[in-house]
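See structure below.
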There are 2 protein chains.
Amino acid sequence: MKESSYVGPRSPENALFGLLYLHPDHGYQLYQRLVAELGEIWHLSQSQTYNILNRLEKQGFVIGKLQQQDKLPDRREFHLSDSGRLRFEEWLNNPSGCSIRAMRVEFISRLYFAHRIDSEKVWRFIDEQKLQLNNGLDRLGQTMADTPSEQVFNRMGLEFRIRQLESALEWLEDCRTAFETDTTGAIT
Amino acid sequence: MKESSYVGPRSPENALFGLLYLHPDHGYQLYQRLVAELGEIWHLSQSQTYNILNRLEKQGFVIGKLQQQDKLPDRREFHLSDSGRLRFEEWLNNPSGCSIRAMRVEFISRLYFAHRIDSEKVWRFIDEQKLQLNNGLDRLGQTMADTPSEQVFNRMGLEFRIRQLESALEWLEDCRTAFETDTTGAIT
DNA sequence: GAGGCTATACTCACTGAGTGAGTAAAATCC
DNA sequence: GGATTTTACTCACTCAGTGAGTATAGCCTC
């Protein structure tokens, strides 16, 4: 038996953590909420939702309680354990990676939860993410400079990433102003 | 025992298929080539390379032959089987998906192999990929139109993807002109 | 009121992605 | 001549994601 020092992407669990942070729920309903609220962002299947939930329970991040119902099937309501809540807050409060995928999926999710939990965080998240992207751009520029011109396609890949990150930065700007007009303007 | 009808992303195998298509090789060297040629595009580890190679052999897409060496460790040279070659050509000659990841990883790899195998294909690939992206944009626009304005964050995700795809389209244009000046200009 | 469909609620077995440690001998460097 | 690097590959693991299956209740239709 190994010690299991695996630290992978572990991304989709955070969506579930977040929804359970907002309020406890059972798998079926949780999946419905995920689709309704963040369905364009996370593309989980129902069975994957259950898979993750079961894993998180084994790992002690969520706790499930069986609820009997007279007519409908039994269900298990999950809520976050302390370690689960900690995990989520850790993920929530630290900037996402500077990949496009991280921006599209993780960052936007973090904005969603920030907006629901403590909307003041939104500004900090956006500004920190800008820094993150700028750092990423600097590193990519450096890598580009270190990549000899014979490696045409490696350079193409780098160029592509740089362009995409620049475009993401612009989007971040617009995102900020959108939130600004949203909060000064009207009903949230 | 199930029938195993799984069809997943199956992406990284195509990089290996391509390199083996160019010429047969053993795992160690293949990994070196991958890093040197497409290291900024595919981020495989050495062990993952071997993993995939072994799987592909079990599935009959590549064939390995043991080569004894007097001093250095034995190695196994792999070449594509007919089904492997078919698989690769299938992947190579059909447009990549219209996600950013597909553009960055799969499309650029396909350009790399096209450039090495039959450089005339490059033009077709670029033009077909433009179509692909435009179709994707249309679908996203439609989804956006179908997404009620309450779903703020779903809309944010869609908006982000649209912007990124538009930026990718611009890159495709520039990519085309870069290839044009490359071929009219000078030494390939 | 019988037959079919949809909603509720979840399980299970699988393939593939990706990690990280380990093995072992030759070559090379200091 | 001792330490490190290079060559060459294995193995056991965790997590991502799929797709089929289970079983009952409610609803709609003819």
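Per chain, numbering begins at 1; letters A, B, ... match sequence-line order.
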In this structure, how many angstroms lie between the [atom2] atom of [N] and the [atom1] atom of [X], rounded?
X	N	atom1	atom2	answer
B:Asn14	C:dA17	CG	P	10 Å
B:Leu30	D:dT7	CG	P	15 Å
B:His43	C:dA17	NE2	P	16 Å
A:Leu16	D:dA16	CG	C1'	13 Å

What nucleotide among D:dG17, C:dA26, C:dG18 has an atom nearest to a side-chain atom of B:Pro12?
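Output: C:dG18.
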
Partners meeting ring pair (Phe, Tyr, Trp, His ring centres under 6.0 Å) with B:Phe78 (sequence neighbours left out)
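Checked B:Phe78 against ring pair (Phe, Tyr, Trp, His ring centres under 6.0 Å); zero matches.
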
Please list all pairs meeting side-chain hydrogen bond (donor to acceptor under 3.5 Å, both in side chains) that have one or both residues in residues 18-31 of chain A, counting only residues at least two apart or in different chains.
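Only A:Tyr21-A:Glu89, A:His23-A:Arg33, A:Asp25-A:Arg33 qualify under side-chain hydrogen bond (donor to acceptor under 3.5 Å, both in side chains).
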
Rounding to 10 degrees, work out the angle separating the end axes of the helix from C:dG1-D:dC30 to C:dC30-D:dG1 (five pairs an end).
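Comparing the first five pairs with the last five, the axes sit 30° apart.
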
Identify, with sequence neighbours excluded, every residue that meets side-chain contact (heavy atoms from CB on, under 4.5 Å) alongside B:Cys98.
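Partners of B:Cys98 by the side-chain contact (heavy atoms from CB on, under 4.5 Å) criterion, ordered by chain and then number, come out as B:Gln132, B:Leu133, B:Arg139.
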
With B:Thr147, which residues qualify under side-chain contact (heavy atoms from CB on, under 4.5 Å), at least two apart?
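B:Thr143, B:Gln151, B:Asn154, B:Arg155, B:Leu158.
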
Report the residues that fulfil salt bridge (Lys or Arg N to Asp or Glu O under 4.0 Å) with [X], sequence neighbours left out, ordered by chain and then residue number.
X	value
A:Glu173	A:Lys130
A:Arg55	A:Glu13
A:Arg163	A:Glu159, B:Asp174
B:Asp74	none

How would you list, by chain and number, every residue that makes a side chain to side chain donor-acceptor pair (under 3.5 Å) with A:Gln142, sequence neighbours excluded?
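Scan of A:Gln142 (side chain to side chain donor-acceptor pair (under 3.5 Å), adjacent residues dropped) gives A:Asp146.
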
Specify the residues of residues 88-102 of chain A, ordered by number, for which at least one heavy atom lies under 4.0 angstrom from an atom of DNA chain C.
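Hits under 4.0 Å, by residue number: none.
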
May I ask you to evaluate whether A:Tyr50 reaches the phosphate of C:dC10, defined as a side-chain N or O under 4.0 Å from OP1 or OP2?
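The answer is yes; a side-chain N or O of A:Tyr50 sits under 4.0 Å from OP1 or OP2.
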
Considering just the side-chain nitrogens and oxygens of B:Asn51, establish if one lies under 4.0 Å of OP1 or OP2 belonging to D:dT10.
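No, outside the criterion.
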
Report all interatomic pairs (protein N or O, nucleotide N or O of nucleotides 4-8 of chain C) with separations under 3.5 Å.
unit_1, atom_1, unit_2, atom_2, d
C:dT8, OP2, A:Tyr28, OH, 2.8

Students often get this wrong, so: under 4.0 angstrom with heavy atoms, is B:Gln67 touching a base, only sugar-phosphate, or nothing?
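Touches nothing.
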
Using a heavy-atom cut-off of under 4.0 Å over every strand shown, decide if B:Gln59 touches base, sugar-phosphate, or nothing.
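Contact class for B:Gln59: sugar-phosphate only.
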
Counting N and O atoms only, with roles assigned by atom type, does the side chain of A:Arg161 sit under 3.5 Å from a partner on the main chain of B:Ile41, one being a donor and the other an acceptor?
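It does not hold such a pair.
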
I'd like to know if B:Ser47 reaches the base of C:dG20 with its side chain, counting only an N/O donor and acceptor under 3.5 Å.
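Such a pair is found, so the answer is yes.
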
Quick check on the 6.0 Å ring-centre criterion: do A:Phe88 and A:Phe17 meet it?
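That pair fails the under 6.0 Å test.
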
